[in-house]
Protein chains: 2
Amino acid sequence: MGKQMTEMLKGTLEGIVLAILSGRSAYGYEITAWLRDQGFTDIAEGTIYALLVRIEQRGLVDVEKVPSEKGPPRKVYSLNAQGREYLEEFWRTWSFLAERLEQLRKGGQ
Amino acid sequence: MGKQMTEMLKGTLEGIVLAILSGRSAYGYEITAWLRDQGFTDIAEGTIYALLVRIEQRGLVDVEKVPSEKGPPRKVYSLNAQGREYLEEFWRTWSFLAERLEQLRKGGQ
DNA sequence: TCTAGCTACTTGGTAACGCTAACTACCGGT
DNA sequence: ACCGGTAGTTAGCGTTACCAAGTAGCTAGA
């Protein structure tokens with residue numbers, strides 16, 4: 001979609017990935033594929049992997065290395081308690097922002 | 001609100017300011033005050049001024065210097081045609097993102 | 001007069017995040 | 001032996017918001 005999307009994803013992409021992981025465990029390649037499926041066609045693979053490393057280092061997810069039949073081992077991530085807390089905080093922040101923006105969109109004309 | 005908000009504002013703050021300017025012309029100090037009023041208590045003044053310079057350089061707004069009775073002259077910004085186009089693109093990007101996130105929030109549990 | 005405080009904008013440096021691009025590595029089929 | 005799909009890593013870059021300090025005009029009070 002372009003530069004606007006790139007900038008808007010800062011901060012939200014993390015929440016998106018955490019939200020995905022709140023439903024089920026997943027590994028990087030899988031998440032990337034799912035995002036592309038959802039229309040995020042231009043999200044770079046490297047971005048997701050870097051993000052996963054980041055949230056792992058922050059202790060928001062647990063990681064398990066699982067052998068794959070089709071390639072190198074997968075790093076399967078699952079949201080832990082701290083991650084769930086962080087995700088809730090994310091939703092609060094998102095709600096606040098979304099409310100103001102919807103208000104602005106309506107009031108704008 | 002914290003780091004999450006800071007990151008989430010990247011990309012959206014610009015849209016917020018453009019949306020404000022789509023309703024009426026305004027100057028930096030005024031916009032900052034309005035944002036604080038709306039609950040964006042921790043947006044730094046410098047951030048808004050920098051953003052305004054940016055969108056001016058991109059040709060999204062027209063600027064007029066207007067003397068103030070209470071201090072130094074104001075730089076009053078108003079959205080031009082190109083800015084309106086850019087704002088519409090912003091709303092499209094935002095809608096896309098907001099839809100996916102709402103879906104995720106519901107599906108997430 | 002001089003100082004404090006509000007108004008209004010500017011500037012320089014920092015950190016975080018997503019992007020790009022190239023790379024490693026495992027596996028199956030041709 | 002090679003290629004394409006699977007899976008992850010790394011280094012450098014550009015953009016953006018934050019912080020801190022500074023400049024400058026005006027008014028009111030000591």
Side-chain angles (χ1 to χ4, degrees), chain A residues 1-18 25-36 40-58 60-61 63-77 86 90 93 97, chain B residues 1-18 25-36 40-58 60-61 63-77 86 90 93 97:
Chain A
M1 298 201 76
K3 206 164 70 65
Q4 297 211 37
M5 181 58 93
T6 293
E7 291 309 320
M8 231 183 272
L9 280 174
K10 291 184 181 175
T12 54
L13 184 56
E14 191 175 283
I16 289 172
V17 170
L18 291 175
S25 301
Y27 56 97
Y29 194 81
E30 192 184 3
I31 294 173
T32 305
W34 186 85
L35 286 172
R36 289 205 200 291
F40 294 97
T41 50
D42 54 352
I43 289 184
E45 269 203 79
T47 298
I48 298 299
Y49 289 118
L51 191 158
L52 288 170
V53 166
R54 214 166 64 222
I55 62 179
E56 179 190 353
Q57 282 170 348
R58 286 207 204 125
L60 306 179
V61 288
V63 190
E64 197 190 352
K65 214 162 220 171
V66 176
S68 162
E69 298 150 358
K70 299 182 181 176
R74 299 165 173 163
K75 287 179 73 176
V76 175
Y77 295 84
Y86 190 86
F90 169 82
T93 306
L97 206 58
Chain B
M1 299 202 77
K3 205 162 70 63
Q4 297 210 37
M5 182 58 93
T6 292
E7 291 309 320
M8 231 181 274
L9 281 175
K10 292 182 182 177
T12 54
L13 185 55
E14 192 175 283
I16 290 171
V17 169
L18 291 175
S25 300
Y27 55 97
Y29 194 82
E30 193 184 3
I31 294 172
T32 305
W34 186 85
L35 286 173
R36 290 205 198 291
F40 293 98
T41 51
D42 54 351
I43 289 185
E45 265 203 84
T47 298
I48 298 299
Y49 288 115
L51 191 156
L52 288 170
V53 167
R54 214 165 64 221
I55 63 178
E56 180 190 353
Q57 283 170 346
R58 286 208 204 122
L60 306 179
V61 288
V63 191
E64 198 189 352
K65 215 160 219 173
V66 176
S68 162
E69 298 149 359
K70 297 182 181 175
R74 299 165 174 164
K75 285 179 74 177
V76 175
Y77 295 84
Y86 190 86
F90 169 81
T93 307
L97 206 58

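A, B, ... follow the sequence lines: proteins, then strands. Residue 1 opens every chain.
Under the ring-ring contact (aromatic ring centres under 6.0 Å, His included) criterion, Phe40(B) pairs with Phe96(A), sequence neighbours left out. Checked against side-chain contact (heavy atoms from CB on, under 4.5 Å), Val63(B) has the following partners two or more places apart in sequence or in another chain: Glu56(B), Lys75(B), Tyr77(B). Legend: residues meeting side-chain contact (heavy atoms from CB on, under 4.5 Å) with Thr6(A), ordered by chain and number and at least two apart, are absent.
The structure places OG1 of Thr41(B) at 8.5 Å from CE of Met5(B), a figure rounded to the nearest 0.5 Å. With rounding to the nearest 0.5 angstrom, the CD atom of Gln4(A) is 11.0 Å from the OG1 atom of Thr12(B).
When the side-chain nitrogen and oxygen atoms of Lys3(A) are compared with OP1 and OP2 of dT16(D), one or more of them lie within a distance under 4.0 Å. Close to dA7(D), at under 4.0 Å from its OP1 or OP2, lies no side-chain N or O of Lys65(A). Residue Arg58(A) places no side-chain N or O under 4.0 Å from the OP1 or OP2 atom of dA16(C).
Protein atom CZ of Phe40(B) is 11 Å distant from nucleotide atom P of dC18(D), rounded to whole Å. Rounded to an integer number of Å, the gap from CE of Met5(B) to C1' of dT16(D) is 16 Å. When the P atom of dC17(C) is taken as reference, atom CZ of Phe90(A) falls 13 Å away, rounded to whole Å. Atom CG of Asp42(A) is separated from atom P of dG18(C) by 13 Å (rounded to the nearest Å). To the nearest angstrom, C1' of dA16(C) lies 13 Å from CD of Gln57(A). When the P atom of dT7(C) is taken as reference, atom CZ of Arg74(B) falls 10 Å away, rounded to whole Å. Nucleotide dT16(D) holds its P atom 17 Å from the CG atom of Leu13(A), rounded to whole Å. Straight-line distance from the CD atom of Glu7(B) to the C1' atom of dC19(C): 15 Å, rounded to whole Å.
With contacts defined as side-chain heavy-atom distances shorter than 4.5 Å, the pair Leu18(A)/Phe90(A) does not qualify. At least one side-chain heavy atom of Ile48(A) sits less than 4.5 Å from a side-chain heavy atom of Leu13(A). Put simply, the side chain of Leu9(B) does not reach to within 4.5 Å of the side chain of Thr47(B), judged on heavy atoms. Counting heavy atoms from C-beta on, the side chains of Leu52(B) and Ile31(B) come closer than 4.5 Å.
Gly11(B) approaches Glu7(A) most closely through the heavy-atom pair CA-CB, 3.7 Å.
Residues from residues 45-56 of chain A with heavy atoms under 4.0 angstrom of DNA chain D, sorted by number: Tyr49(A). Contacts of residues 25-35 of chain B with DNA chain D (heavy atom under 4.0 Å): none.
Of the possible polar contacts, one joining the Arg36(A) side chain to the Ile43(A) backbone as a donor-acceptor pair under 3.5 Å is found.
Taking 4.0 Å as the cut-off between side-chain N and carboxylate O, Glu14(A) and Arg54(A) count as a salt-bridged pair.
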Give the B/S/- string for nucleotides 23-30 of chain C, one per nucleotide from 5' to 3', where a protein heavy atom under 4.0 Å of the base yields B, of only the sugar-phosphate yields S, and otherwise -.
--BBS---
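The base of dT15(D) sits within donor-acceptor range of the side chain of Lys10(A), with an N or O pair under 3.5 Å.
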